[in-house]
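Data block below; observations after.
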Amino acid sequence: MLKLLPWRSSPHKTLTLDPTKPLLSLSRFLSHSLSEDQYEDDPPFSPVSKPPKPKKNKTQNKDPDSKNGRTEPLKSDLPFDFSYSYSETNPKVEPIAFRESPKFSPFGPGRLDRKWTGTVAPTQQEVDLDRVAEERKRVLGDPLTEEEVAKLVERYRHSDCARQINMGKGGVTHNMLDDIHNHWKRAEAVRIKCLGVPTLDMDNVCFHLEDKSGGKIVYQHINVLILYRGRNYDQKNRPVIPVMLWKPYTPIYPKLVKNVADGLTFEETKELRNRGLNSPPVMKLTRNGVYVNVVDRVREAFETEEVVRLDCTHVGTSDCKRIGVKLRDLVPCIPLLFKDEQIVLWRGKRDQEQDSKCRDRSEKFADA
């Protein structure tokens, strides 16, 4: 009977079968071998001990403000009103409605000592412009020499520069100021690449970068800028810039295109719109392109044409309206139509009168 049962002997106990009671001994042997320590010496079925998981501290507070011990609203001494975009908004134009309640500040509830009005967070104290100018002059220090400027340009002008900030259609945004100072912590200059609608007016972009950050633009090539921090810049004394937690909804502004243009009748306005749609486009714009020469091209076209058209296919409806607003102020001109990503611009009635006077003068000089 033992030869027919090749069971493995247990290292702890040795059981033998009683020849007088073979069935009883066999049942005891099987119950013992299957119940007691059957997986102890079998590695594939041995239990694996798992390491204990570290217990989370429930008392730890995840709020960064309370972690740092700051419970009061953040105070900033920057001498300008906080806004989402400084270069792409006009504070003189008041919105007619809001898409969200102005009481919800994008800086977070109770995080800033300034009140959000829906578009800006105005400063609470009077600004001493003379003191601000002196402080900026002290930080910039002596002007850079030509050799120092050449070294900075050679170091930061290349596209593979690590200290680069990309500027989109938002222009000079509030959070970009914090990014600039973070780069200035380890580098004396930062490379800024501008794309989209802000490139229509690069002078405006340069002004707001220098005015809001306190730096100095030492190089500009088309849409690439190099912003220098200054000789006496101290990272420990950098200004306090509260970060916007989300992008606020764009308010509702007055209608850009009127049904009837000023100085024209309804029939004349309709005729100009049809003429503009059927005319060949002056330029074809791409999405997030470089528009530095668009203003000059439109001005040149207005010397011979009364109505011009810009092909903005795949640019987007919102960007088309932004482009029309900037061209209205920079050229200047009157937007007549935004349809199917096409912009129709009219040079205005005043330009026609000036052209007629110039023609009369040229005829008089020719006759003389």
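Numbers for residues simply follow the sequence, beginning at 1. This structure is a prediction, so every number in the text was calculated from the model and none was measured.
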Exercise. Side chains of His208 and Asn204: do they bring a donor and an acceptor to under 3.5 Å?
Worked result: yes

For this session: Might you confirm whether atom NE2 of His314 has over 12 heavy atoms from other residues, nucleotides or ligands at distances under 6.0 Å?
Result: no

For this session: Examine distances only and state if a side-chain atom of Arg191 and a backbone atom of His158 form a donor-acceptor pair shorter than 3.5 Å.
Result: yes

For this session: Would you confirm whether Thr199, through its side chain, and Cys194, through its main-chain N or O, come within 3.5 Å as a donor-acceptor pair?
Result: no

Exercise. Got a sec: does the CZ of Arg275 have more than 12 other heavy atoms crowding it under 6.0 Å?
Worked result: yes

For this session: Give a yes or no on whether the backbone of Asn175 and the side-chain of Tyr84 come within a donor-acceptor separation of less than 3.5 Å.
Result: no

Problem set entry | OH (Tyr249) with more than 12 external heavy atoms under 6.0 Å | no

Problem set entry | Validation row: Val298, Met283 side chains within 4.5 angstrom (heavy atoms) | no

For this session: For Leu112 and Leu74, work out which heavy atoms get closest and say how close.
Result: CD1-O, 3.5 Å

Problem set entry | Flag, side chain of Arg309 to backbone of Asn278, donor-acceptor distance under 3.5 Å | no

Exercise. Can a salt bridge be assigned to the pair Glu135 and Arg138 using a cut-off of 4.0 Å between side-chain N and carboxylate O?
Worked result: yes

For this session: Scan residues 199-226 for pairs that pass salt bridge (charged side-chain N to carboxylate O under 4.0 Å, His left out), counting only residues two or more places apart or in two chains.
Result: Arg136-Glu210

Exercise. How about Thr313 and Asp311: does a side-chain donor come under 3.5 Å of a side-chain acceptor?
Worked result: yes

Exercise. Just wondering, more than 12 heavy atoms not from Gln342 lying within 6.0 Å of its CD?
Worked result: yes

Exercise. If you take all heavy atoms of Pro254 and Ile96, which pair is closest and at what distance?
Worked result: CG-CG2, 4.0 Å

For this session: Decide yes or no on salt bridge (Lys or Arg N to Asp or Glu O under 4.0 Å) for Lys326 and Glu88, but give the supporting numbers first.
Result: CA-CA 9 Å; Lys326 282 188 170 292; Glu88 304 306 306; 3.5 Å; yes

Problem set entry | Side chain Arg99, main chain Pro251, donor-acceptor under 3.5 Å | yes

For this session: Compare all side-chain heavy atoms of Met167 with those of Val172 and state whether any distance is below 4.5 angstrom.
Result: yes

Problem set entry | Backbone N/O of Val240 and side chain of Ser76: donor-acceptor pair under 3.5 Å | yes

Exercise. Where is the tightest heavy-atom contact between Gln124 and Arg114, given as atom of each residue plus distance?
Worked result: NE2-CA, 3.7 Å

Problem set entry | Atom CD of Glu147 with >12 non-hydrogen neighbours under 6.0 angstrom | no

Problem set entry | Val218: hydrophobic cluster co-members (side-chain, 4.5 Å) | Leu144, Val149, Leu152, Val153, Tyr156, Tyr219, Ile226, Tyr228

Exercise. Which salt bridge (charged side-chain N to carboxylate O under 4.0 Å, His left out) pairs, counting each pair once, include a residue from residues 229-238, with sequence neighbours left out?
Worked result: Glu148-Arg231, Asp178-Arg238

